[in-house]
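The structure under discussion appears below in the form of structure tokens.
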2 protein chains.
Amino acid sequence: MMKEEELLKSHISKHNLKVTKERSLVLRVFLDSEPHITAEELYRKMKNDGSSIGLATIYRTLNLFCESGLAEQRQFGDGQARYELVYNVKHHDHLICKQCSRIIEFENQEIEALQEKVAKKNNFKIFSHKLELYGICGNCSEKNDQ
Amino acid sequence: MMKEEELLKSHISKHNLKVTKERSLVLRVFLDSEPHITAEELYRKMKNDGSSIGLATIYRTLNLFCESGLAEQRQFGDGQARYELVYNVKHHDHLICKQCSRIIEFENQEIEALQEKVAKKNNFKIFSHKLELYGICGNCSEKNDQ
DNA sequence: ATGATTATGATAATGAGTTGCAATTCCCTT
DNA sequence: AAGGGAATTGCAACTCATTATCATAATCAT
């Protein structure tokens with residue numbers, strides 16, 4: 001059994017929930033998808049694969065993933081929540097291209113350290129953070145100049 | 001005339017729009033409000049003051065403020081957009097208390113510089129960014145420990 | 001002042017996400 | 001292995017923030 005599956009099952013048994021084929025299938029497809037998928041995209045992907053799963057179940061299951069610590073929800077400003085695997089994955093932040101919607105991940109330990117410093121100065125305990133840089137990626141810049 | 005009013009009027013005339021009493025009034029109330037107000041809050045505030053303005057106009061006007069560079073829209077994860085004056089205001093980021101919803105503003109030049117460095121390394125041109133630190137503020141921490 | 005054009009308020013529509021419910025599935029107990 | 005209480009599902013109805021529609025009203029260049 002995969003680590004991700006184990007985490008989910010541990011959360012499930014801890015909360016008197018049940019393992020269902022739907023949950024197992026959503027997990028499998030989620031792990032096999034691009035790293036910032038929306039509920040709708042996941043729904044369509046599964047429909048295309050012949051599944052008869054309902055959209056509400058996708059939402060419920062993605063929320064379950066978040067509660068179990070497997071995934072996190074992100075808002076990149078296009079009005080739909082995106083879900084990202086965070087379990088057993090190194091923390092990172094995002095560069096988001098306003099033109100082509102490409103999402104580039106990056107990590108920067110110096111920035112993280114400075115955030116902690118800011119928090120301490122403000123007597124604040126950080127649980128999570130969001131750093132998003134919006135702009136134009138190299139690809140699009142070139143295209144625009146042509 | 002205030003700087004903010006001038007900016008708005010300049011945007012208005014540049015785009016063949018019109019100065020209306022509603023727009024002037026919304027601007028006045030917006031400038032006089034807490035710095036992270038929602039459309040609904042602004043609407044109720046103006047209703048309480050005896051205005052008969054419609055909610056749609058509030059939304060339209062706040063969007064106009066954003067287009068003119070006077071304000072920016074922010075999403076702090078509670079499902080409602082918040083609007084913040086950014087014209088003639090020093091850039092800053094936010095600490096958000098998950099318990100009492102208090103928002104603390106901070107600025108950190110070192111972090112900004114590191115962001116630029118990350119962008120350059122990824123061949124990316126930054127237009128704007130969002131840095132939000134979520135957690136528990138000092139006040140709430142104390143209360144919780146009692 | 002007039003007329004073309006834009007703005008407004010009320011209301012309907014949209015779209016992402018949630019919820020209620022009857023039917024189904026899971027899984028603990030025997 | 002079967003029974004039964006509890007959780008889950010799909011569907012449809014609902015919420016809630018925001019936007020679009022449209023008839024009427026206000027603005028402003030001439």
Side-chain angles (χ1 to χ4, degrees), chain A residues 5 8-30 36-47 49-68 71-83 101, chain B residues 5 8-30 36-47 49-68 71-83 101:
Chain A
E5 214 175 329
L8 183 59
K9 290 201 173 163
S10 141
H11 177 85
I12 282 177
S13 64
K14 227 175 264 160
H15 292 80
N16 282 34
L17 308 179
K18 286 172 180 173
V19 174
T20 65
K21 27 178 167 21
E22 288 82 3
R23 283 173 178 169
S24 301
L25 183 58
V26 173
L27 177 60
R28 214 175 316 143
V29 178
F30 175 66
H36 306 96
I37 200 165
T38 66
E40 193 70 38
E41 284 164 359
L42 195 52
Y43 174 66
R44 276 201 291 270
K45 185 170 178 179
M46 293 182 71
K47 279 280 182 185
D49 290 357
S51 169
S52 65
I53 199 160
L55 181 56
T57 299
I58 303 277
Y59 275 108
R60 284 186 284 232
T61 307
L62 286 171
N63 284 340
L64 182 67
F65 291 175
C66 292
E67 284 155 20
S68 73
E72 273 178 18
Q73 201 191 58
R74 312 221 175 275
Q75 296 284 353
F76 289 140
D78 60 348
Q80 291 159 75
R82 292 178 180 275
Y83 296 84
S101 299
Chain B
E5 215 176 329
L8 183 59
K9 291 202 173 161
S10 141
H11 177 85
I12 282 179
S13 62
K14 227 174 265 162
H15 292 81
N16 282 31
L17 308 178
K18 287 171 180 174
V19 175
T20 65
K21 23 180 168 19
E22 287 82 4
R23 284 174 178 167
S24 301
L25 183 58
V26 172
L27 177 60
R28 213 174 317 139
V29 177
F30 175 66
H36 306 95
I37 199 164
T38 66
E40 191 72 37
E41 284 164 1
L42 195 52
Y43 174 67
R44 276 202 291 269
K45 185 169 178 180
M46 294 181 71
K47 280 279 183 187
D49 290 358
S51 169
S52 65
I53 200 160
L55 182 55
T57 298
I58 303 277
Y59 275 105
R60 284 185 286 232
T61 307
L62 286 171
N63 284 340
L64 182 68
F65 291 176
C66 291
E67 284 154 21
S68 73
E72 273 178 20
Q73 201 192 56
R74 310 220 176 277
Q75 295 284 144
F76 289 140
D78 61 349
Q80 291 160 78
R82 291 177 181 277
Y83 297 84
S101 299

Less than 4.0 angstrom between a side-chain N/O of Thr20(B) and OP1 or OP2 of dT6(C), yes or no? no
Reference residue Phe30(B); test ring-ring contact (aromatic ring centres under 6.0 Å, His included); the match among Phe65(B), Tyr43(B), Tyr83(B): Phe65(B)
Might you work through the side-chain contact (heavy atoms from CB on, under 4.5 Å) test for Ile53(B) and Leu25(B), ending with a clear yes or no? CA-CA 10 Å; Ile53(B) 200 160; Leu25(B) 183 58; 5.7 Å; no
Sequence neighbours left out, what pairs pass side chain to side chain donor-acceptor pair (under 3.5 Å) with at least one residue falling in residues 56-66 of chain A? none
Looking for any heavy atom pair under 4.0 Å, which part of the strands does [X] touch: base, sugar-phosphate only, or nothing?
X        : answer
Ala39(A) : nothing
Asp78(A) : nothing
Leu55(A) : nothing
Thr38(B) : nothing

Would you mind telling me which of [options] lies closest to the side-chain atoms of [X]?
X        : options                   : value
Asn63(B) : dT19(D), dG9(C), dA6(D)   : dT19(D)
Lys21(B) : dT27(D), dA10(C), dG10(D) : dT27(D)
Tyr59(B) : dT19(D), dA16(C), dA6(D)  : dT19(D)

Starting from [atom2] on [N], measure out to [atom1] on [X] and report it in whole angstrom.
X        : N       : atom1 : atom2 : result
Ile58(A) : dC11(D) : CD1   : P     : 12 Å
Leu25(A) : dT8(D)  : CG    : C1'   : 15 Å
Glu22(A) : dA23(C) : CD    : C1'   : 13 Å
Arg23(B) : dA7(C)  : CZ    : C1'   : 6 Å
Met46(A) : dT9(D)  : CE    : P     : 11 Å
Glu41(A) : dA16(C) : CD    : C1'   : 13 Å
His15(B) : dA7(C)  : NE2   : P     : 12 Å
Asn16(A) : dG5(D)  : CG    : P     : 17 Å

Exam field: side chain Arg23(B) to backbone Lys18(B), donor-acceptor pair closer than 3.5 Å: yes
Could you state the interatomic distance from CG (Leu55(B)) to CE (Met46(B)), rounded to the nearest 0.5 Å? 11.5 Å
Please figure out whether Gln75(B) or Leu17(B) has its closest DNA chain D nucleotide nearer the 5' end. Gln75(B)
Taking for each residue the nucleotide of DNA chain D with the nearest heavy atom, is it Gly79(B) or Lys18(A) whose nucleotide lies nearer the 5' end? Lys18(A)
Under 3.5 Å, is there any donor-acceptor pair linking the side chain of Arg60(A) to the base of dG10(D)? yes
